[in-house]
Undergrad: 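Quick one: this structure, given as structure tokens, is what I'll be asking you about.
Sequential numbering from 1 along the given sequence is applied to the chain's residues. Counting starts at 1 for both ligands and their atoms, in listed order. Small disclaimer: the values here were computed from a predicted structure and weren't measured.
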Amino acid sequence: MNIIHRRGWDMPESHATPEHLFFNRRALLAALAGTAALSLAPQHALAQRVTDQPDPNIGLYPGKRNEKYVLDRPITDEAINGNYNNFYEFNSTKHVARQAQALKVRPWTIKIDGMVEKPFEIGIDDLVRKAGVEERLYRHRCVEAWSMAIPWSGFPMAKLVEMAKPLSSATYVRMETFLDKSIAPGQKQAWLPWPYIEGLTIAEATNELTFLATGAYGKPIAKQHGAPIRLAVPWKYGFKSIKSIVRFSFTDKRPHSYWEDLQSSEYGFWANVNPQVPHPRWSQASEELIGLGERRPTLLFNGYGDYVASLYKGLEKERLWA
Ligand SMILES: Nc1nc2c(c(=O)[nH]1)N[C@H]1C(S)=C(S)[C@@H](COP(=O)(O)O)O[C@H]1N2
Ligand SMILES: [Mo]
């Protein structure tokens with residue numbers, strides 16, 4: 001595990017580099033002007049390359065905004081959010097947008113299996129058509145003490161659970177990201193526990209906040225954000241929000257996640273946001289709002305306690321925080 005500490009790849013950017021301190025829109029545009037035209041090309045290029053098959057559901061985006069979920073801060077600038085990502089399949093810096101364009105998002109088949117009435121596979125476009133699309137504004141708090149605010153489009157995960165028809169004995173859902181070394185160089189690093197895995201209890205998965213995002217910023221979701229479908233669980237640290245999902249398996253065993261496997265002393269299953277419980281190597285009391293150059297106190301459950309605190313009643317003895 002020492003090797004991980006030395007790499008420093010899961011340390012807050014502030015420990016690794018002062019970069020984010022001057023990460024504002026002007027600096028970003030200047031930095032990108034010469035090189036990364038791709039990232040700022042017409043908006044659609046971020047979601048799909050010209051060579052990709054078109055998204056037949058593009059007309060469904062952004063969907064009707066669900067006004068129930070409100071922000072206490074401005075939406076993070078799209079160009080900043082789309083150029084400051086964690087997607088270790090591609091590389092372990094924040095600059096993965098360009099490499100992530102290699103991800104082929106059509107055709108994209110999702111497997112639903114495990115403890116369900118009948119396992120099945122469904123193509124992403126059928127799934128989106130069946131589930132529909134709405135827009136929600138959510139905050140996102142990375143365990144590295146930075147945050148963003150995103151207009152996601154997609155559907156509540158409860159709809160997918162309903163389609164899956166899990167057996168009553170199933171208690172967890174395990175999610176898995178694609179595995180393809182030929183496009184994702186990070187996956188060539190055999191010492192990392194690929195594929196990326198995450199898990200939720202079924203009660204969490206069917207909570208009204210739990211969202212499967214297939215779009216962001218008014219259009220199909222950009223590859224670096226986890227196209228064509230990623231999880232958004234805003235009361236948990238960002239690593240729970242698994243990207244580019246290919247499989248949902250229902251089970252009665254608690255899934256072991258990627259970060260837990262890598263470093264269980266630092267990352268657990270529940271990973272709920274709590275400013276009072278520091279990460280072993282840094283404080284979680286406050287967060288940097290990326291792109292705004294502003295720090296704010298972090299809120300318990302990232303401010304979503306009214307929706308989710310009841311999920312954890314009776315579990316006080318568990319490690320509920322990352
Ligand atoms: N498959 C996969 N999912 C992932 C990650 C990853 O490396 N691989 N990183 C996680 C982390 S740590 C964060 S903070 C968010 C980042 O999402 P964003 O890049 O869209 O902001 O994705 C999460 N989901
Ligand atoms: Mo994160």
Undergrad: Determine, using ring centers only, whether Phe239 and Tyr267 are less than 6.0 Å apart.
TA: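 Tyr267 vs Phe239: aromatic centres under 6.0 Å.
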Undergrad: Counting only heavy atoms, which portion of Asn85 has something under 4.0 Å from ligand 1: side chain, backbone, both, or neither?
TA: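 Both the backbone and the side chain of Asn85 come within reach of ligand 1.
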Undergrad: Can an N or O of Tyr84 be found at a distance shorter than 3.5 Å from an N or O of ligand 1?
TA: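 Such a contact does not occur with ligand 1.
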Undergrad: Heavy-atom distances under 4.0 Å decide this one: backbone, side chain, both or neither, for His140 against ligand 1?
TA: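 The answer is the side chain.
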Undergrad: May I ask you to check whether over 12 heavy atoms, not counting those of Glu208, lie within 6.0 Å of atom CD?
TA: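 Yes, the 6.0 Å shell around CD holds more than 12 heavy atoms from other groups.
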Undergrad: Identify which one of Trp270, Tyr312, Tyr307 satisfies the ring pair (Phe, Tyr, Trp, His ring centres under 6.0 Å) criterion when paired with Phe301.
TA: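 Option passing the ring pair (Phe, Tyr, Trp, His ring centres under 6.0 Å) with Phe301: Tyr312.
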Undergrad: Which heavy atom of Lys243 sits nearest a heavy atom of Asn86, and at what distance?
TA: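 So the minimum-distance heavy-atom pair works out to NZ-O, 2.6 Å.
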Undergrad: Check each atom of ligand 1 against the heavy atoms of Tyr88 and keep those under 4.0 Å away; list them by number with element.
TA: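 Reading through ligand 1 atom by atom, the close ones are 6 (C), 7 (O).
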Undergrad: What do we get for Lys240 next to ligand 1 when only non-hydrogen atoms under 4.0 Å count, side chain, backbone, both or neither?
TA: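 Within the 4.0 Å criterion, Lys240 makes no contact with ligand 1.
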Undergrad: So that I know where these two stand, are Trp235 and Tyr138 an aromatic pair - ring centroids less than 6.0 Å apart?
TA: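 Not close enough - the centres of the two rings lie 6.0 Å or further apart.
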Undergrad: Under 4.0 Å from any heavy atom of Phe239, which atoms of ligand 1 are there?
TA: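 Answer for ligand 1: 10 (C), 11 (C), 12 (S).
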Undergrad: List ligand 1 atoms under 4.0 Å from Cys142, heavy atoms only on the residue side.
TA: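 Contacts of ligand 1 toward Cys142, numbered from 1: 14 (S).
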Undergrad: For Trp259 together with Tyr237, are the ring centres under 6.0 Å from each other?
TA: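 That pair fails the under 6.0 Å test.
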Undergrad: Answer with side chain, backbone, both or neither: which part of Tyr196 has a heavy atom less than 4.0 angstrom from an atom of ligand 1?
TA: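 Within the 4.0 Å criterion, Tyr196 contacts ligand 1 through side-chain atoms alone.
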Undergrad: May I ask you to check whether over 12 heavy atoms, not counting those of Gln276, lie within 6.0 Å of atom CD?
TA: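 It does not: Gln276 CD has 12 such atoms or fewer within range.
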Undergrad: How close do Gly268 and Ala271 get, counting heavy atoms only, and between which atoms?
TA: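 Looking at all heavy atoms of both residues, the shortest contact is O-CB, 4.1 Å.
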Undergrad: Counting non-hydrogen protein atoms only, what is the nearest one to atom 24 (N) of ligand 1? Give residue, atom name and distance.
TA: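 I find the closest protein heavy atom is Ser241 O, 2.8 Å.
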Undergrad: Could you check whether Arg247 makes a cation-pi contact with Phe178, meaning its NZ or CZ is under 6.0 Å from the centre of the six-membered ring and within 45° of the ring axis?
TA: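 No, Arg247 does not lie over the aromatic ring of Phe178.
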Undergrad: In ligand 1, which numbered atoms sit nearer than 4.0 Å to a non-hydrogen atom of Thr177?
TA: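 Going through ligand 1 atom by atom, the ones under 4.0 Å from Thr177 are 1 (N).
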Undergrad: I need the nearest protein heavy-atom contact for atom 18 (P) of ligand 1: residue, atom name and distance, please.
TA: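 Among all protein heavy atoms, the one nearest atom 18 (P) of ligand 1 is Lys243 NZ, 3.4 Å.
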Undergrad: Which of the atoms of ligand 1 are close to Ile242, meaning less than 4.0 Å from one of its heavy atoms?
TA: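 The atoms of ligand 1 under 4.0 Å from a heavy atom of Ile242 are 3 (N), 24 (N).
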Undergrad: Can a side-chain donor-acceptor contact be found between Thr298 and Gln284 if the only test is distance below 3.5 angstrom?
TA: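 No, because no side-chain N or O of Gln284 sits under 3.5 Å from a partner of the opposite role on Thr298.
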Undergrad: Among all the protein's non-hydrogen atoms, which is closest to atom 12 (S) of ligand 1, and how far away is it?
TA: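 The closest heavy atom on the protein side is Asn86 ND2, 3.4 Å.
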Undergrad: Atom 8 (N) of ligand 1: which protein heavy atom is closest, and how many Å away?
TA: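 That would be Glu89 OE1, 2.8 Å.
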Undergrad: Under a 4.0 angstrom heavy-atom cut-off, which atoms of ligand 1 come close to His225?
TA: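 By the 4.0 Å cutoff, the relevant atoms are 18 (P), 20 (O).
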